[in-house]
Amino acid sequence: VQLQASGGGLVQPGGSLRLSCAVSGIAFSIYSMGWYRQASGKQRELVASISSARRTIYADSVKGRFTISRDNAGNTVYLQMNNLKPEDTAVYFCNRPPGMGVFKRGSADYWGQGTQVTVSS
(Lines give C-alpha, C1' and ligand atoms only; values in the text may rest on other atoms or scores of the structure.)
Protein backbone atom coordinates (compact mmCIF):
# COMPACT_ATOMS: atom_id res chain seq x y z
CA VAL A 1 0.00 0.00 0.00
CA GLN A 2 1.04 3.61 -0.59
CA LEU A 3 -0.66 6.68 0.90
CA GLN A 4 0.12 10.09 -0.63
CA ALA A 5 -1.54 12.99 1.22
CA SER A 6 -1.43 16.48 -0.28
CA GLY A 7 -3.19 19.85 -0.29
CA GLY A 8 -2.06 21.28 3.00
CA GLY A 9 -0.71 24.76 3.49
CA LEU A 10 -0.92 28.01 5.43
CA VAL A 11 -4.38 29.55 5.66
CA GLN A 12 -5.96 32.32 7.69
CA PRO A 13 -8.66 31.57 10.26
CA GLY A 14 -11.99 31.18 8.49
CA GLY A 15 -10.32 29.96 5.33
CA SER A 16 -10.66 26.66 3.47
CA LEU A 17 -8.44 23.87 2.21
CA ARG A 18 -9.10 20.63 0.35
CA LEU A 19 -6.86 17.72 1.21
CA SER A 20 -6.38 14.73 -1.08
CA CYS A 21 -4.99 11.30 -0.35
CA ALA A 22 -4.08 9.07 -3.27
CA VAL A 23 -4.10 5.42 -2.30
CA SER A 24 -2.43 2.69 -4.31
CA GLY A 25 -1.68 -0.99 -3.92
CA ILE A 26 -5.07 -2.07 -2.56
CA ALA A 27 -8.64 -2.61 -3.76
CA PHE A 28 -9.53 0.91 -2.60
CA SER A 29 -13.28 0.77 -3.16
CA ILE A 30 -13.88 -1.95 -0.56
CA TYR A 31 -12.10 -0.15 2.26
CA SER A 32 -13.41 2.35 4.76
CA MET A 33 -11.02 5.29 4.93
CA GLY A 34 -10.36 8.02 7.43
CA TRP A 35 -8.55 11.30 7.89
CA TYR A 36 -6.47 11.73 11.02
CA ARG A 37 -4.50 14.65 12.36
CA GLN A 38 -1.65 15.02 14.78
CA ALA A 39 -0.87 18.37 16.33
CA SER A 40 2.56 19.04 17.77
CA GLY A 41 2.94 17.31 21.12
CA LYS A 42 -0.43 15.59 20.89
CA GLN A 43 -1.69 12.15 19.96
CA ARG A 44 -2.98 11.40 16.51
CA GLU A 45 -6.78 11.64 16.33
CA LEU A 46 -9.40 10.54 13.82
CA VAL A 47 -11.36 13.50 12.45
CA ALA A 48 -13.53 11.87 9.79
CA SER A 49 -14.20 8.52 8.19
CA ILE A 50 -16.12 7.24 5.16
CA SER A 51 -17.23 3.68 4.56
CA SER A 52 -17.25 1.81 1.28
CA ALA A 53 -20.97 2.66 1.17
CA ARG A 54 -20.06 6.34 1.69
CA ARG A 55 -21.44 6.60 5.21
CA THR A 56 -19.58 9.34 7.02
CA ILE A 57 -18.67 9.99 10.66
CA TYR A 58 -17.06 13.14 12.05
CA ALA A 59 -15.38 14.13 15.27
CA ASP A 60 -17.39 16.70 17.19
CA SER A 61 -14.61 19.24 16.79
CA VAL A 62 -14.98 19.32 12.99
CA LYS A 63 -18.66 18.50 12.50
CA GLY A 64 -20.33 21.03 10.21
CA ARG A 65 -16.98 22.36 8.97
CA PHE A 66 -15.24 19.36 7.37
CA THR A 67 -16.56 17.03 4.67
CA ILE A 68 -14.97 13.71 3.76
CA SER A 69 -15.58 12.18 0.33
CA ARG A 70 -14.08 9.57 -1.93
CA ASP A 71 -13.50 8.90 -5.62
CA ASN A 72 -13.26 5.15 -6.09
CA ALA A 73 -12.36 5.47 -9.77
CA GLY A 74 -9.37 7.62 -8.84
CA ASN A 75 -8.48 5.76 -5.63
CA THR A 76 -8.57 9.03 -3.72
CA VAL A 77 -10.13 10.23 -0.48
CA TYR A 78 -10.71 13.94 0.11
CA LEU A 79 -11.21 16.21 3.10
CA GLN A 80 -12.83 19.57 2.44
CA MET A 81 -12.08 21.84 5.38
CA ASN A 82 -14.04 25.07 5.78
CA ASN A 83 -14.07 27.74 8.47
CA LEU A 84 -10.65 26.63 9.64
CA LYS A 85 -9.54 27.49 13.15
CA PRO A 86 -6.06 27.74 14.68
CA GLU A 87 -6.76 24.54 16.62
CA ASP A 88 -7.04 22.68 13.30
CA THR A 89 -3.29 23.17 12.83
CA ALA A 90 -1.74 19.71 12.52
CA VAL A 91 -0.23 17.19 10.14
CA TYR A 92 -3.07 15.38 8.40
CA PHE A 93 -2.88 11.72 7.37
CA CYS A 94 -5.24 9.28 5.71
CA ASN A 95 -5.57 5.62 6.69
CA ARG A 96 -8.20 3.08 7.58
CA PRO A 97 -10.36 3.87 10.64
CA PRO A 98 -9.10 2.43 13.94
CA GLY A 99 -11.74 -0.30 14.05
CA MET A 100 -10.50 -1.65 10.72
CA GLY A 101 -6.83 -1.63 11.66
CA VAL A 102 -4.47 0.85 10.04
CA PHE A 103 -2.43 -0.20 7.03
CA LYS A 104 0.83 -1.96 7.70
CA ARG A 105 4.06 -2.55 5.89
CA GLY A 106 5.37 -5.76 7.30
CA SER A 107 4.66 -5.57 11.02
CA ALA A 108 4.85 -1.77 11.29
CA ASP A 109 1.97 0.69 10.99
CA TYR A 110 2.24 2.69 7.76
CA TRP A 111 1.01 6.30 7.59
CA GLY A 112 2.68 7.93 4.63
CA GLN A 113 4.19 11.40 4.95
CA GLY A 114 1.04 13.38 5.79
CA THR A 115 0.37 16.99 4.82
CA GLN A 116 0.85 20.02 7.08
CA VAL A 117 -2.08 22.35 7.70
CA THR A 118 -1.33 25.61 9.49
CA VAL A 119 -4.11 28.00 10.42
CA SER A 120 -2.75 31.35 11.46
CA SER A 121 -3.23 35.05 10.85
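Under the salt bridge (charged side-chain N to carboxylate O under 4.0 Å, His left out) criterion, the residue pairs touching residues 108-119 are Lys104-Asp109, with sequence neighbours excluded. Among pairs with a residue in residues 69-78, those fulfilling side-chain hydrogen bond (donor to acceptor under 3.5 Å, both in side chains) read Arg70-Asn72, at least two apart in sequence or across chains. Sequence neighbours left out, the pairs with a member in residues 46-60 that pass salt bridge (charged side-chain N to carboxylate O under 4.0 Å, His left out) are Asp60-Lys63. Screening residues 11-29 for side-chain hydrogen bond (donor to acceptor under 3.5 Å, both in side chains), with sequence neighbours left out, gives Ser16-Asn82. Residue pairs meeting the salt bridge (charged side-chain N to carboxylate O under 4.0 Å, His left out) criterion with at least one member in residues 88-97, sequence neighbours excluded, are Arg37-Asp88, Arg65-Asp88. Applying the disulfide (SG to SG under 2.5 Å) test to residues at least two apart or on different chains, the pairs with a partner in residues 73-121 are Cys21-Cys94.
You'll find the side chain of Asn95 reaches within 4.5 Å of the side chain of Leu3, heavy atoms only. Val47 is not listed as a side-chain neighbour of Ile68, based on a closest heavy-atom distance of 4.5 Å or more.
Contacts of Lys42 classified as side-chain hydrogen bond (donor to acceptor under 3.5 Å, both in side chains), with partners at least two apart in sequence or in another chain: none. Partners of Gln4 under the side-chain hydrogen bond (donor to acceptor under 3.5 Å, both in side chains) rule, at least two apart in sequence or in another chain, do not exist in this structure. Under the ring pair (Phe, Tyr, Trp, His ring centres under 6.0 Å) criterion, Tyr31 pairs with Phe103, not counting sequence neighbours.
Here Ile57 is tied to no hydrophobic group at all, with no ILVMFWY side chain closer than 4.5 Å. If you chain together ILVMFWY residues whose side-chain heavy atoms come under 4.5 Å of each other, Trp111 ends up grouped with Tyr36, Leu46, Val91, Phe93, Val102. Chaining together hydrophobic side chains whose heavy atoms lie under 4.5 Å apart leaves Leu10 on its own.
Annotation: the span from Ser32 atom OG to Ile50 atom CD1 amounts to 9.0 Å, rounded to 0.5 Å. For the atom pair CE (Met81) and OH (Tyr92), the distance works out to 5.0 Å, reported to the nearest 0.5 Å.
Around CD of Gln43, the count of heavy atoms belonging to other residues, nucleotides or ligands within 6.0 Å does not exceed 12.
With hydrogens and angles ignored, the 3.5 Å screen pairs no side-chain donor or acceptor of Thr89 with any backbone N or O of Thr118.
Of all heavy-atom pairs between Ser121 and Pro13, the closest is N-CD, 3.7 Å.
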